[in-house]
Each structure stands twice: as C-alpha cells, then as structure tokens.
Amino acid sequence: MSQPERLVIFDTTMRDGEQSPGASMTKEEKVRIGKALEKMRVDVIEAGFAAASPGDFASIDAVAQAVRESTVCSLARAVDNDIERAAESLRKAERARIHTFIATSPIHMQYKLRMQPDQVVEQAIYAVKKARSLVEDVEFSCEDAGRSDMDFLCRIIEAAIDAGARTINIPDTVGYAIPEEFGYKIKTLLQRIPNADKAIFSVHCHNDLGLAVANSLAAVANGARQVECTINGLGERAGNAALEEIVMATRTRHDLFNIDCGIDTTHIVPTSRLVSGITGFPVQPNKAIVGANAFAHESGIHQDGVLKHRETYEIMKAEDVGWGANKMVMGKHSGRAAFRSRLEELGVTFETDAALNEAFARFKDLADKKHEIFDEDLQALVSETVANTAPDIFKLVSLASRSATGETPVADLVISHDGQEHKVSSEGSGPVDAALKAIEQVANSGASLQLYSVNAITQGTDSQGEVTVRLEKGGRIVNGNGADTDIVVASAKAYIHALNLLYSNVVRQHPQNDGV
C-alpha cells in the first residue's frame with residue numbers, strides 16, 4: 001500500500017453547529033470547546049461568523065488567542081465588510097483562515113442573490129483576492145454545490161483557485177445528495193478543473209436524508225482531502241457529518257481509504273460530552289462511537305463472542321475513543337493543586353484565582369455528597385461555574401420538596417430576586433414541576449419551556465443529574481444548565497440559570513443562519 005495521504009479535519013461545531021436552534025454558546029464556552037478540539041489535534045477550527053454579531057466577533061477573537069496549534073477560521077460572505085471583520089477577528093491567531101462563500105446553484109443565484117452567473121463569478125474572484133490580501137490561508141465555498149450545474153462549478157472553482165484560494169469546499173448545503181452521485185461529482189471536478197492540483201478539495205455535508213457521513217466518505221474515496229464536520233453531528237436542521245464517525249470510519253477502514261487524519265481519538269468521548277453539556281443537546285444512547293450503548297453487548301451470543309475474542313463483535317476499541325479512559329482521580333481529601341492540575345489535563349484553565357476558588361468550593365461541596373469524583377463530574381462542575389458568571393438576578397437560596405404516593409407533590413423554595421428573598425410554595429404533577437412553578441411565582445417570566453432534559457453524568461445511583469432547560473421568549477432562546485446529586489435541585493438550578501440569561505446582558509449571540 002502506498003504512503004497514506006493526509007485528510008484535513010475541519011471542525012465547524014462553533015459555527016454551523018451553533019446554528020442549531022438553542023445551541024448558541026457564550027465566548028467562554030467557545031474557548032473551552034476550542035481548546036478541547038486543539039487537544040484532539042483538529043486541523044482547522046471554524047470559530048464563528050465574525051460579521052454576524054459583536055458576540056460572534058468577540059468569540060472568534062477569544063478562540064484565536066487561546067488556540068495556538070490548530071488553524072482558527074472565520075466564515076465570511078463574499079462582501080467587503082464580512083471579509084474585513086473576519087480578518088480583524090483573527091488578527092491574534094497563530095494560524096488564521098478566512099472561509100468565504102457565495103451561492104452557485106441556479107435557485108440560489110436567481111432567488112437569493114438575484115445575480116447573473118457572470119456576476120457571481122466576478123464576486124467570487126473579488127472576495128478571494130480581498131481575503132488573500134489580508135490572510136495567507138483562504139478557503140472558498142460554493143454554497144448549494146450539491147444542486148449546482150457542473151459546468152458552472154468548474155468555471156467558478158477554476159477562477160477561485162487562480163485568485164488565490166487554496167481550499168475549495170463543495171457543500172451539500174441542503175442534504176440533497178446521494179453518496180454515489182456526490183462521490184462522482186467530486187471525482188469529476190478534480191478531473192475537469194485544470195488547476196485542481198493547486199488546492200485541497202473539501203466537503204461539507206448536511207444530514208437531511210441521514211447521509212452526511214456517507215456522502216463525506218464517498219467524497220473522500222473520490223479525492224476530497226478535507227472534511228467539514230461537527231462534534232456529535234451538531235448543526236442546523238438535521239445536523240452535519242459527525243466528526244467522530246468520519247474519523248473512526250477512515251481509521252477503521254484504512255484498507256479502503258489509506259489516509260491519515262492525525263486526530264488523537266482518545267479525546268473524542270470527553271469532547272462529545274463537553275459539547276453536549278454546553279449546548280444542551282444530549283447524545284442518544286445508540287449514537288455511533290459516543291452513545292452510551294456504542295460498545296454495550298446484551299445478546300448472550302455477542303457477550304460470549306466478545307469474551308472469547310473481542311474482534312468477533314467489536315471493530316474498534318472503546319478505550320481508543322475515550323471510553324473508560326476517565327479514571328476517578330479526585331475525592332474529598334484532594335487539594336487545590338491536584339484539582340487545578342487535573343482540570344488543566346482536561347483542557348480547563350481559569351483566568352482568575354477567584355474563578356478557581358469558586359470552582360474548588362463547588363468541588364468540595366460535591367465531594368461531601370459523592371464519594372467518587374469523575375472527570376465528567378469535573379466538566380459539569382466547570383460548566384456550572386462558568387454559567388454562574390451570569391448576573392444573579394435570580395438565585396436559589398433553599399429548596400425542600402415533598403412527594404408521596406397518593407399525594408400531590410409540593411415544593412417550598414426561597415428565591416432571591418435582585419437581593420430580596422421570597423418564600424414561595426407550589427404544587428405540581430411532580431416535585432420538579434412544583435419547583436419550577438414556584439420559581440415562576442417570583443420570576444413571572446412569561447417564557448415558554450421548549451426543552452427539559454435530564455442526563456446522568458456518570459454511572460451509579462449517586463451520579464449527578466445534569467439538567468438542561470431551554471426557554472423561549474419573544475424569539476430569544478436560552479439554555480440553562482444545572483447539576484446536582486438531587487435532580488430537583490439540579491432542575492431548579494437549570495431553570496434559574498436560564499432565567500438569568502434571559503433577563504441579563506450575557507447574551508449567547510446566535511449567528512445568522514446563512515452559510516454553507
């Protein structure tokens with residue numbers, strides 16, 4: 001077999017992934033994800049869409065400062081302001097890329113851009129040259145390439161490469177392609193475009209028909225050497241190609257692909273859990289690679305086979321992707337130095353001693369309730385500490401709930417609102433329902449509860465429950481997170497966190513839903 005070729009992994013969790021309704025992230029959360037991706041050795045991290053909002057700009061700037069090994073990228077439409085804002089947001093990056101795009105399908109050119117094909121080509125050339133005048137690394141995307149005319153694609157891509165683009169992205173923007181068709185499109189482009197050898201061809205596939213990973217792999221088999229993907233397949237509508245599936249498919253079937261992506265796969269599961277916790281999008285148990293059942297065997301025949309020889313029913317090692325790698329290393333007798341050291345190993349650092357002290361105090365409180373502290377507990381603890389940066393407009397002072405068979409559950413709470421304490425009580429269909437109704441007596445928010453999700457952070461009956469609450473009011477969507485060994489307390493924390501975000505200036509800026 002010949003020497004493996006390099007496959008570039010381009011992660012867009014913080015840009016396209018954030019376009020999932022309710023998945024918006026704060027600047028601090030993006031930095032945490034960026035550092036986790038860097039630790040995984042992701043080649044390119046698309047940190048956002050700089051021109052979309054001041055918050056997105058600030059997040060890209062922060063990620064560009066925090067990440068030194070991976071290339072940091074900003075998306076930009078093919079217009080001056082977008083490209084200039086992208087370059088400015090990346091000015092502190094060790095390695096910077098501007099990713100500019102314009103639509104190329106007949107339906108997009110006619111109805112969205114209202115431009116003639118010649119105008120689109122001219123604008124693409126201008127945008128690439130403009131971006132190249134500001135950064136060395138420029139990627140050009142043909143939005144809705146999956147439904148674009150082949151002759152026109154060849155024409156505009158050749159022009160973009162001549163203008164200085166060194167990565168050409170062919171996105172299946174609406175998830176319309178079928179693997180055989182999409183693979184043939186990539187192969188044809190590489191054969192027909194005279195200067196194709198001067199650029200890396202990339203793909204960005206959406207999962208509307210459940211084929212994002214299959215289409216991406218078909219493209220790789222036909223010459224694409226960059227795949228744009230997200231952790232857990234996060235993304236608008238049905239999502240994007242899942243990074244973990246692309247990486248493990250090409251690694252497991254090296255006999256077919258003969259490529260190397262350079263990813264440290266042992267960080268896949270921890271990063272999956274980090275993204276899930278921050279966005280509030282739980283991973284379904286049967287999700288490939290990172291789902292709780294991904295390496296579980298219930299059938300007696302399967303169990304017997306695995307015990308005799310693992311490869312009878314397992315094509316990957318669970319520990320290779322991070323399962324079982326998180327050992328219990330902390331407890332109630334652990335000190336501040338050990339606490340800081342373990343978090344640094346997990347890619348978590350604190351900007352101030354005050355933030356470290358607050359997290360350590362939360363750790364000690366947890367250690368009094370839970371004897372074994374796992375890495376997942378630490379990640380949740382950090383998420384809660386970061387979440388606490390929102391102003392305490394509302395604060396949980398105390399909570400007591402009563403629930404018995406045949407009786408209506410009741411929750412009694414003390415809630416602080418702008419420093420003034422309120423004692424409230426409410427009945428509900430269950431203790432959680434009662435607690436949230438009691439909080440609303442004080443908040444009177446008028447918000448709509450869009451999502452209530454509970455996940456056990458670790459195994460065992462003493463596991464912390466991690467609760468995500470999604471509220472919507474006036475078109476604004478916020479996610480609140482809370483964790484505790486008492487699920488009612490965790491629920492109250494999550495609801496109050498969401499309320500604080502809803503009423504504060506700590507806005508999770510949501511980007512424009514415009515892109516590849």
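Because the structure is predicted, anything quoted here is derived from the model rather than measured.
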Query - Presence of salt bridge, K130 and E84, under 4.0 angstrom - result: yes

Query raised in the report: Which value, rounded to the nearest 0.5 Å, describes the distance between F101 atom CZ and D144 atom CG?
Result: 12.0 Å

Report summary line: Heavy atoms of K198 and I161 approach each other most closely as CB-CG2, 3.9 Å

Query raised in the report: In this structure, are over 12 heavy atoms from other groups packed under 6.0 Å from Y176 atom OH?
Result: no

Requested in this report: Using the side-chain hydrogen bond (donor to acceptor under 3.5 Å, both in side chains) rule, take N479 and H497 through it: C-alpha gap first, then chi angles, then the decisive distance, then the call.
Outcome: CA-CA 8 Å; N479 282 338; H497 177 215; over 6 Å; no

Query raised in the report: Got a sec: does the CD of Q191 have more than 12 other heavy atoms crowding it under 6.0 Å?
Result: yes

Query raised in the report: Is the shortest distance from a Lys or Arg side-chain nitrogen in R85 or D82 to a carboxylate oxygen in the other one below 4.0 Å?
Result: no

Query raised in the report: Within a strict 4.5 Å, meaning less than it, do heavy atoms of the D320 and R251 side chains meet?
Result: yes

Query raised in the report: With a 4.0 Å cut-off, would you call R41 and E69 a salt bridge?
Result: no

Requested in this report: Determine, step by step, whether R147 and H108 satisfy the side chain to side chain contact (heavy atoms under 4.5 Å, CB included) criterion, reporting the C-alpha distance in whole Å, the side-chain angles of both residues, the deciding distance to 0.1 Å, and the verdict.
Outcome: CA-CA 10 Å; R147 295 187 295 176; H108 275 238; 3.8 Å; yes

Query raised in the report: Do K112 and E143 sit within salt-bridge range, that is, some charged N less than 4.0 Å from a carboxylate O?
Result: yes

Query raised in the report: Which pair of non-hydrogen atoms, one from I186 and one from G223, has the smallest distance, and what is that distance?
Result: CG2-C, 4.5 Å

Query - Short side-chain donor-acceptor distance under 3.5 Å, E46 and T12 - result: yes

Report summary line: Exactly one candidate in R132, R166, R97 meets salt bridge (Lys or Arg N to Asp or Glu O under 4.0 Å) with D137; the answer is R97

Requested in this report: Using a 4.5 Å cut-off on heavy atoms from C-beta on, say whether the side chain of N207 contacts that of L209.
Outcome: no

Requested in this report: Mind checking the CD-OG1 spacing from E18 to T13? Nearest 0.5 Å is all I need.
Outcome: 10.5 Å

Report task. Please round to the nearest 0.5 Å and tell me the distance separating atom CZ of F182 and atom NZ of K187. Result -> 15.5 Å

Query raised in the report: Is any NZ, NE, NH1 or NH2 atom of the basic residue among E244 and K287 found under 4.0 Å from an Asp or Glu carboxylate oxygen of the other?
Result: yes

**Report entry** More than 12 heavy atoms of other groups within 6.0 Å of Q116 CD
**Finding:** no

Report task. For H99 and F10, run ring-ring contact (aromatic ring centres under 6.0 Å, His included): C-alpha distance rounded to whole Å, both residues' side-chain angles, the deciding distance at 0.1 Å, then the answer. Result -> CA-CA 11 Å; H99 179 190; F10 178 113; 5.8 Å; yes

Requested in this report: For the pair V120 and F152, evaluate side chain to side chain contact (heavy atoms under 4.5 Å, CB included) and give the outcome as yes or no after the intermediate values.
Outcome: CA-CA 10 Å; V120 173; F152 184 68; 4.1 Å; yes

Query raised in the report: Can you tell if the side chain of C229 reaches within under 4.5 Å of the side chain of D11, non-hydrogen atoms only?
Result: no

Requested in this report: Compare all side-chain heavy atoms of I289 with those of E245 and state whether any distance is below 4.5 angstrom.
Outcome: yes

Requested in this report: Carefully, step by step, assess Q226 and D43 under the rule side chain to side chain contact (heavy atoms under 4.5 Å, CB included).
Outcome: CA-CA 10 Å; Q226 175 177 288; D43 297 290; over 6 Å; no

Query raised in the report: Around atom CZ of R155, are there more than 12 heavy atoms of other residues, nucleotides or ligands at under 6.0 Å?
Result: yes

Query raised in the report: Is the closest side-chain heavy-atom distance between E88 and F57 below 4.5 Å?
Result: yes

Report summary line: Nearest heavy-atom contact between I278 and N481 is O-ND2, 4.0 Å

Requested in this report: Would you sort out whether I156 and I102 count as a side chain to side chain contact (heavy atoms under 4.5 Å, CB included), showing the intermediate values?
Outcome: CA-CA 10 Å; I156 196 169; I102 196 167; 4.3 Å; yes

Query raised in the report: Do you know which two heavy atoms are closest between C205 and N215, and how far apart they sit?
Result: SG-CB, 3.7 Å

Report task. Considering only NZ, NE, NH1 and NH2 on the basic side and carboxylate oxygens on the acidic side, decide whether D56 and K27 come within less than 4.0 Å. Result -> no

Query raised in the report: Heavy-atom count around E181 CD within 6.0 Å, excluding the residue itself: above 12?
Result: yes

Query raised in the report: Under a 4.5 Å cut-off applied to non-hydrogen side-chain atoms, are H206 and V174 in contact?
Result: no

**Report entry** Side-chain heavy-atom pair R32, L274 within 4.5 angstrom cut-off
**Finding:** yes

Report summary line: M115 and Q123 have their tightest heavy-atom pair at CE-CB, 4.1 Å

Report task. Looking only at non-hydrogen atoms, find the nearest pair between P179 and L211 and report the distance. Result -> CD-CD1, 4.0 Å

Query raised in the report: Side-chain contact, heavy-atom cut-off 4.5 Å: E466 with V454?
Result: no

